Amino acid sequence: MTDYDYEEIEKKWQDYWEKNRKYEVEDKAENPFYVLVMYPYPSGRIHMGHVRNYTIGDAIARFRRKQGYDVMHPMGWDAFGLPAENAAIERDADPGEWTYDNIEEMKEQLARLGFSYCWEREITTCTPEYYRWNQKIFLEMLQEDLAYRDTTAVNWCPECETVLANEQVQDDLCWRCDSVVEEKEQHGWFLKTTAYAEQLLEDMEQLGGWPERVLEMQRNWIGRSPGARIEFDLDEQEEKLTVFTTRADTLYGATFMALSPQHRLARELARGTGQEQSVERFLERWESGEEMSTKDGVFTGRYAVNPINVEEIPIYIADYVLIEYGTGAIMSVPAHDERDFEFARHNDISIKPVISPAGKKPPQPLEEAYTGEGELINSGSHSGLDSETARAKIANWLEERNLGAATVSYRLRDWGISRQRYWGTPIPIIYCEECGVVPVPDEQLPVELPEDVEFTHGENILESSGEFVETQCPDCGRSARRETDTMDTFVDSSWYYARYCSPKESSQPFDSELANNWVPVDQYIGGIEHACMHLLYARFFHKVMRDFGWLDSDEPFTRLLTQGMVLLDGEKMSKSKGNVVDPEEMQGEYGADTVRLFTLFAAPPEKDLDWDEEGVQGAHRFLKRLWNFLQENKEQLSARTIKAPVEPELSGEASKELFRKTHETIGRVTRDLEQSYQFNTAIAACMELYNSLQDNFTPEVGAWSYAVLLDLLYPIAPHFCNEVAELLGHEELPGERDWPEWSEEAATADEIEVVIQVNGKVRDRISVPAGCPKEMMEERALESSRIQKYLDGSKPKKIIVVPDKLVNVVV
RNA sequence: GCCGGGGUGGCGGAACCUGGCAGACGCUACGGACUUAAAAUCCGUUGGGGUGUAAUACCCCGUGCGGGUUCGAAUCCCGCCCCCGGCACCA
């Protein structure tokens, strides 16, 4: 009897897969299935989060292959980014070399875990062959007015020394390093994600295969809010004041206006009103960062005219008005908005109720704002309307007079992609004193990263390259300067899934025909932390590329699985806490198949998984038991070809039960994997089958049943299953043969144990033939002596019979 | 505050969609076998309480809390509590 030598076995099959190029797939597959896992940043070491992510992906890929699909399961590297550059600054390393070395190392680690990638499709985003297409796409967007340059307040991460997009700031902290983000005025390039806000929302209808949680997060992030834009005339001024409101129905109740302290008219309005000093004092307090509340504000000395009733209302500057939402100015209706109410009370501004809650009169004086809907009062010709109708009518009324219009406001901002860092895609723009902003012409792409740079903190490294910065204007030929910012690395990952379909394409980002054959990705797998970053950007890119005519589909990822985190003792693993479990160590100690098995068994994929070494040992024990079972029953299990037994030919209870259990298990595992990738329950079913195999082993069913078990476990523990099948002399290995078939009928027992209840409580169990008629079940139930006892000679009130399940006797 | 997800043994989790034996499967713990001994392995017990026996057995309670629907509720409905996540002076 030989021991289960996972080390040797795993090495052997990994070599076999590599040598025979088992996981390559044709560009034009007949039966395509695209499984994609979020590619890693090549930090040099894989961690448990990667292992979990890639194990799920690999099991899905192997399962679908066995189902007969042509599976594309590619892998690549999110190879631009800060760590390489920091290594260059701190250790004088070459960022490219550092990155490529890491890639080599991680590739080996992935291979040791037995992942079945199409390595010939590998992409590395820091190569000019890849990033030149970032540049191309950017220029196309520029042409279509989807990219623009602007100077605004941006998020600055002092640690990363770069600007961040709004999505990359979480609770005022940098998503990557958790530093507090600062506000800074800076120029930069933006992509018009807002132009697609509506589609990004609408097309969620097509994303039935996404977790509701992620869709909800994106919905919140986009923050659609339908309302109206309304223009207010200013007294003695040419300018108008534009506001956004969701409550145009309360327009008659607007008794003041409020501007954000950052509004461009904030200072200007006060000029010549005698309020200059108060305004100036307030703004200085505000600018110094003083803590303020809803009550804080100052009168500008000016008035605006409410367009609907021509009333003059005072204009204030108020701390509670945000510059970044709507127009940075609001019409204030204290009777119907809590904040406006508080401000009005504190600053002695009149409060005028214009909405009355269903059938009631608003109390006088008003104790609090009524923010609900109702019937319009004090609203001139619009009085008597309900809120909803009034909103439409008033918007119409304004539009006819050119004073406003119905509009939709979004929380989503355009995506700022400029990064003041070296290790990224150069933005292909040239600044010429004569011609202004000039795009780099196609034939000059790629704009490559220069090597004559000095790696230092504190400044944009690209600036230090004379060779790079100094250039000629493509239009006029005079000397000009290149843009020295690089692109956000999320640009790379926004379209990489399409590049995998034609990774070596050299005349365009990807071959549309090939991409349309694979895209959208059938199953995408990754962490939920990308819900409002990568997953939103990729959806945006996909729609843009569709509108360029490059893709047919509306969405990049049909189904999305967001796997949970890997924890240790309920805590996130981190180097600083020193509670990191090293995948390599685990794989060395128990083998890749065990690590894979445990990872998939310990929790459903979308939940967090607490790493538990005793659980790992349990998984290892299961494989060893299967191995030993083979060793002990080798002769009876051996077979060249696997033939499913036919039920009528079976003799004996054990054979029949094992036959039934095997069919049942195939059904359960197939459903678990196909519908929701619930590997944990699928594995539990396999363990049950093994338990039954031990209890009910017979030569006539055993060999087949054991072979089926290998098929079912193959996606999870591929080395093990192949090895065992080979030892048994199977002509075709689990990795090559089809997913087993089953029938519902064969999975159903001839005799079924049904429960007999009295008043809903189980009192007895009897065995009846499957499909037993109701009358017979009822009769048999009443015959039971235990039931008789409860009946106590009296007649049952009612009897409920559920075929093949139970009889409930009501007394 | 608004929205989404969740609450089941000592632990991870199953059954929830589609009402019908709660606790599958695994881990831990305990007891036993094997061993000079230990590890490994194997067998048994493992929600709480009780009755009973050599033993098979039997009864009551139990899925966050309170109500409802139903012959029957972890599952469906209503109200509440708690936890996790997203958004948040968003006009």
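All values derive from a computational prediction rather than experimental measurement. Lettering follows sequence order; numbering is per chain, from 1. Because only heavy atoms are used, hydrogens play no part in the values below, and waters and symmetry mates are left out as well, while side chains stay in.
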Inset, instruction - Could you give me the CA-CA distance, side-chain angles and deciding distance for V724(A) and L626(A), then say whether side chain to side chain contact (heavy atoms under 4.5 Å, CB included) is met? - result: CA-CA 9 Å; V724(A) 169; L626(A) 276 176; over 6 Å; no
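No contact: Q617(A) has no heavy atom under 4.0 Å from any strand.
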Inset, instruction - Map every base of RNA chain B to its dot-bracket character, where paired means a Watson-Crick or G-U wobble contact with both distances under 3.5 Å and | marks a partner outside the strand. - result: (((((((..(((.......[....))).(((((.......))))).(((((.....)))))..(((((..]....))))))))))))....
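With salt bridges taken as basic N to acidic carboxylate O contacts below 4.0 Å, one links K661(A) and E688(A).
At the phosphate of rA57(B), neither OP1 nor OP2 sits under 4.0 Å from any side-chain N or O atom of R786(A). Close to rG26(B), at under 4.0 Å from its OP1 or OP2, lies a side-chain N or O of N691(A). Contact annotation: S293(A) side-chain N/O to rC89(B) OP1/OP2 distance is not under 4.0 Å. Contact annotation: Y320(A) side-chain N/O to rA88(B) OP1/OP2 distance is not under 4.0 Å. Side-chain N/O atoms of K624(A) include none lying less than 4.0 angstrom from OP1 or OP2 on rC42(B).
Between D672(A) and Q170(A), the one whose closest nucleotide on RNA chain B sits nearer the 5' end is D672(A).
With hydrogens and angles left out, the side-chain atoms of Q617(A) and Y590(A) include a donor and acceptor closer than 3.5 Å.
At least one side-chain heavy atom of L623(A) sits under 4.5 Å from a side-chain heavy atom of D593(A).
Cation-pi geometry between R411(A) and W221(A) is satisfied (NZ or CZ under 6.0 Å from the ring centre, within 45° of the ring normal).
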Can you give me every donor-acceptor pair (side chain of residues 252-262 of chain A, partner residue at least two apart or in another chain, under 3.5 Å) with its distance?
| unit_1 | atom_1 | unit_2 | atom_2 | d |
| --- | --- | --- | --- | --- |
| Y252(A) | OH | S379(A) | O | 3.3 |
| Y252(A) | OH | H382(A) | ND1 | 2.8 |
| T255(A) | OG1 | S350(A) | O | 2.8 |
| S260(A) | OG | Q262(A) | N | 3.0 |
| S260(A) | OG | V321(A) | O | 3.4 |

